[in-house]
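Proteins get letters first, then strands, A, B, ... in listed order; numbering begins at 1 in each.
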Protein chains: 2
Amino acid sequence: MYICFMYSNELVKGTLKTIVLSLLAKHSRMYGYEITQHVKEQTGGKIQLTEGALYPLLHRLEADGLLLTEKVNIGKRVRKYYKLTKTGSETAGSLVAEFKEFTQTMGKLIDSFIYKPQYNV
Amino acid sequence: MYICFMYSNELVKGTLKTIVLSLLAKHSRMYGYEITQHVKEQTGGKIQLTEGALYPLLHRLEADGLLLTEKVNIGKRVRKYYKLTKTGSETAGSLVAEFKEFTQTMGKLIDSFIYKPQYNV
DNA sequence: AATCAATACCTAAGTTTTTTAGGTATTGCC
DNA sequence: GGCAATACCTAAAAAACTTAGGTATTGATT
């Protein structure tokens, strides 16, 4: 799903939907390739979406009624814009809220973590 | 992996390893059931680990050399304690650091999110 | 004494998600 | 002409997680 230089893929999983929907909530309409480039630039290359994960997700979100598409001809190429439906907009809001809540809850579990150099074996 | 009342399972995925290793970094030794109860209590029930996800992970981490086990007889029952190896301790530190870094990066993508009631369809 | 909840471990089938590794075609630059 | 970037896509495989069980002990309640 991601090619990550800074994060273990393990840790990053499960946030793609949140990223995509929140970006669409800000930009009203975006196309797939644009999303990958935007995320790469905004995060200084720390998060890089792979197209193999992104496109199937966009198709799923459309099938689930969270996104609508609009095809625009750019020369001989067809660019496929996505925008949020009402449900998509609501889902974007709740996923972002959930993510923020979740990081706080995780903080409680993790924050008191102190690196103890005394280990076993 | 989780039975979550507050979070969509989607969003929570990928943090189990971080949770488990960081808890073991704080408590020096814990057993499986204890981990589930501790997480439940510390997060006010917001994160609840399922045993179907936890036990296979503990076995994987042991196989990968991040954890060691110690069996202790409690009456007729055998309790299996886990503790970090050197590698496990190091991994715990980096996963926690990565998680913190990641939430900040996600914040940059998400923070400027404003719920726009003007949607399409 | 029987029953139920809690403690404590475990696994396996199925689903979902992601990675990997491609494919096609256009456009712009050297 | 050739290469990188733009722009879409898919399918097999791997990985992770859910679901739904299983066993057995212990302690509390009826």
Q: Assess whether side-chain contact (heavy atoms from CB on, under 4.5 Å) is satisfied between L61(A) and T91(A), documenting all intermediate values.
A: CA-CA 11 Å; L61(A) 293 175; T91(A) 305; over 6 Å; no

Q) Do any side-chain nitrogens or oxygens of R60(A) fall under 4.0 Å of OP1 or OP2 in dT17(C)? A)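 So the side chain of R60(A) is within the cut-off, an N or O lying under 4.0 Å from OP1 or OP2 of dT17(C).
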
Q: Using a cut-off of strictly less than 4.0 Å, decide whether R77(A) has a side-chain nitrogen or oxygen near OP1 or OP2 of dA25(C).
A: no

Value in whole Å for how far the [atom2] atom of [N] lies from [atom1] of [X]:
X	N	atom1	atom2	value
L54(A)	dT20(C)	CG	P	16 Å
K17(A)	dT16(C)	NZ	P	12 Å
I47(B)	dC17(D)	CD1	P	13 Å
L57(A)	dT17(C)	CG	P	9 Å
R79(B)	dT7(C)	CZ	P	11 Å
L61(B)	dA16(D)	CG	C1'	13 Å

Q: Kindly state which residues belonging to residues 29-42 of chain A come within less than 4.0 angstrom of DNA chain D, counting heavy atoms of the residue only, listed by number.
A: Y31(A), G32(A), Y33(A)

(Q) If I compare all heavy atoms of E51(A) with all of P56(A), which pair ends up nearest, and what's the gap? (A)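 Nearest pair, atom of E51(A) first, then P56(A): O-CD, 3.7 Å.
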
Q: Could I get the full list of side chain to side chain donor-acceptor pair (under 3.5 Å) partners for T87(B), not counting sequence neighbours?
A: none

Q) Mind checking what makes side chain to side chain donor-acceptor pair (under 3.5 Å) contact with Y81(A), not counting sequence neighbours? A)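 Per chain and number, Y81(A) pairs via side chain to side chain donor-acceptor pair (under 3.5 Å) with R79(A).
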
Q.
Hydrophobic clusters here meaning ILVMFWY residues chained together by side-chain heavy-atom distances under 4.5 Å, can you tell me if M30(A) and I74(A) are in one?
A.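 Same cluster: M30(A) reaches I74(A) through Ile, Leu, Val, Met, Phe, Trp or Tyr contacts under 4.5 Å.
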
**Q.** Path from V78(A) to L54(A) over hydrophobic side-chain contacts below 4.5 Å
**A.**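 V78(A) and L54(A): separate clusters.
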
(Q) Under a 3.5 Å distance rule, please check whether K17(A) uses its side chain to pair with a backbone N or O of L57(A) as donor and acceptor. (A)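 Between the backbone of L57(A) and the side chain of K17(A) there is no qualifying donor-acceptor contact (under 3.5 Å).
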
Q: Please list all pairs passing the salt bridge (charged side-chain N to carboxylate O under 4.0 Å, His left out) test where one or both residues lie in residues 28-40 of chain B, with sequence neighbours left out.
A: R29(B)-E70(B)

Q) Taking the side chain as C-beta and beyond, is there a heavy-atom pair between F99(B) and L95(B) under 4.5 Å? A)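 A side-chain contact is absent here, since even the closest heavy-atom pair is not under 4.5 Å.
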
Q: Decide yes or no for T85(A) and L67(A): does some side-chain heavy atom of the first lie under 4.5 Å from some side-chain heavy atom of the second?
A: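 No, side chains not in contact.
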
What nitrogen or oxygen pairs link the protein and nucleotides 10-13 of chain C at under 3.5 Å?
{"unit_1": "dC10(C)", "atom_1": "OP1", "unit_2": "H59(B)", "atom_2": "NE2", "d": "3.3"}
{"unit_1": "dC10(C)", "atom_1": "OP1", "unit_2": "K80(B)", "atom_2": "NZ", "d": "2.8"}
{"unit_1": "dC10(C)", "atom_1": "OP2", "unit_2": "H59(B)", "atom_2": "NE2", "d": "3.2"}
{"unit_1": "dC10(C)", "atom_1": "N4", "unit_2": "E51(B)", "atom_2": "OE1", "d": "3.4"}
{"unit_1": "dT11(C)", "atom_1": "OP2", "unit_2": "H59(B)", "atom_2": "ND1", "d": "3.4"}

Is there any protein nitrogen or oxygen under 3.5 Å from a nitrogen or oxygen in nucleotides 3-5 of chain C, and what are the pairs?
none

Q | Identified side-chain contact (heavy atoms from CB on, under 4.5 Å) partner of F102(A) from the options M106(A), E98(A), Q104(A) | A |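 Of the listed options, the one satisfying the test is M106(A).
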
